[in-house]
Amino acid sequence: MASGKESHWSPVVPELKGVAAENEGKGRRAHIFAGDVSQEQDVIDMTKGVVDTLGGCVGFRCMVANAGVCTLRKVVDATVENFDHHYAVNARGVMLCYKHAAIQMIAQGRGGRLIAASSLFGKRGSELFFAYAASKFAVRGLTHAAAEELGKYGITANTYCPGAIDTTMLKNSMEELLGVEGARALRKRILESTPMGRSGLPSDLASVVSFLASKESSFITGQSVRITLYRLLRPY
């Protein structure tokens, strides 16, 4: 599932097709259902597409609400439009994905897994992450509430809280606000604050998400799993 207006997520579809082809090459089934997670009808259509394609035997077992946006802004430069965009994708998108996945999981009667992307900045705000941090705190609240309500159906809800992950989104956000040299200096500061001495990779997240999606995690719910540690951030 993708995020943002169609003009924003459409360029991602070729990348998704590449991932699907890679999985199919390993003998796995892969299907793409693209849409805007901030729009309820899109989420309904994507959820229905999964169920219709995979059928009742497989059903809807896991929802990973990973779509997100991040634009760095100083407090005094914040705009309503930028704030609302963060909440539309990062918070409302999670709410809608949780809602419609839960409806299907409850109807199936076999439990399930709800997983969403929060952030280290969803545990403690930080300079330049004004709207982003607020939206990621919201993800944790949604997840904890869902865990309390849906446990009786065998549905778990957890979120993962990564630090700086080496993605195009993060790179572009830093360079937009700080310029190339400023972004390079911030990345250096981030690396120096990380015990492992490197940025996180998407594969680091995938390992955690795979566990949270597995049957082995059936007793883990309402948790916000921190991925790596930054010395600049004090844990709550």
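These numbers were taken from a predicted model, which means no experiment stands behind them.
- In terms of modelled atom types and a separation under 3.5 Å, the side chain of Lys136 and the main chain of Asn90 share no donor-acceptor contact.
- When only modelled atom types and interatomic distance are considered, Ser224 and Arg140 share a side-chain donor-acceptor pair under 3.5 Å.
- Within the model, atoms CG of Asp84 and OG1 of Thr79 stand 8.5 Å from one another, a figure rounded to the nearest 0.5 Å.
- Side-chain atoms of Gln39 do not come within 3.5 Å of backbone N or O of Val37 as any donor-acceptor pair.
- To the nearest 0.5 Å, atom CD of residue Gln41 and atom CG of residue Leu96 are 11.0 Å apart.
- Taking the six-membered ring where the residue is Trp, Phe121 and Phe129 present parallel rings, their angle staying beneath 30° rather than reaching 60°.
- A donor atom on one side chain and an acceptor atom on the other are not found under 3.5 Å apart for Tyr132 and Asn82.
- For the pair Asn158 (side chain) and Ile220 (backbone), a donor-acceptor distance under 3.5 Å is present.
- Within 6.0 Å of the CD atom in Glu216, the count of heavy atoms belonging to other residues, nucleotides or ligands exceeds 12.
- Remark: the backbone N or O of Ser118 is paired with a side-chain donor or acceptor of Thr159 at under 3.5 angstrom.
- We find that Asp77 and Arg73 are not joined by a salt bridge, their nearest charged nitrogen and carboxylate oxygen being 4.0 Å or further apart.
- In this structure, Asp42 contributes its side chain and Asp36 its backbone to a donor-acceptor pair below 3.5 Å.
- Side-chain contact check for Tyr87 and Ser38: no donor-acceptor pair (N or O, by modelled atom type) lies under 3.5 Å.
- By the 4.0 Å N-to-carboxylate-O rule, Glu22 lies close enough to Lys26 to be salt-bridged with it.
- Using a cutoff of 4.0 Å between basic side-chain nitrogens and carboxylate oxygens, Arg92 and Glu40 are not scored as salt-bridged.
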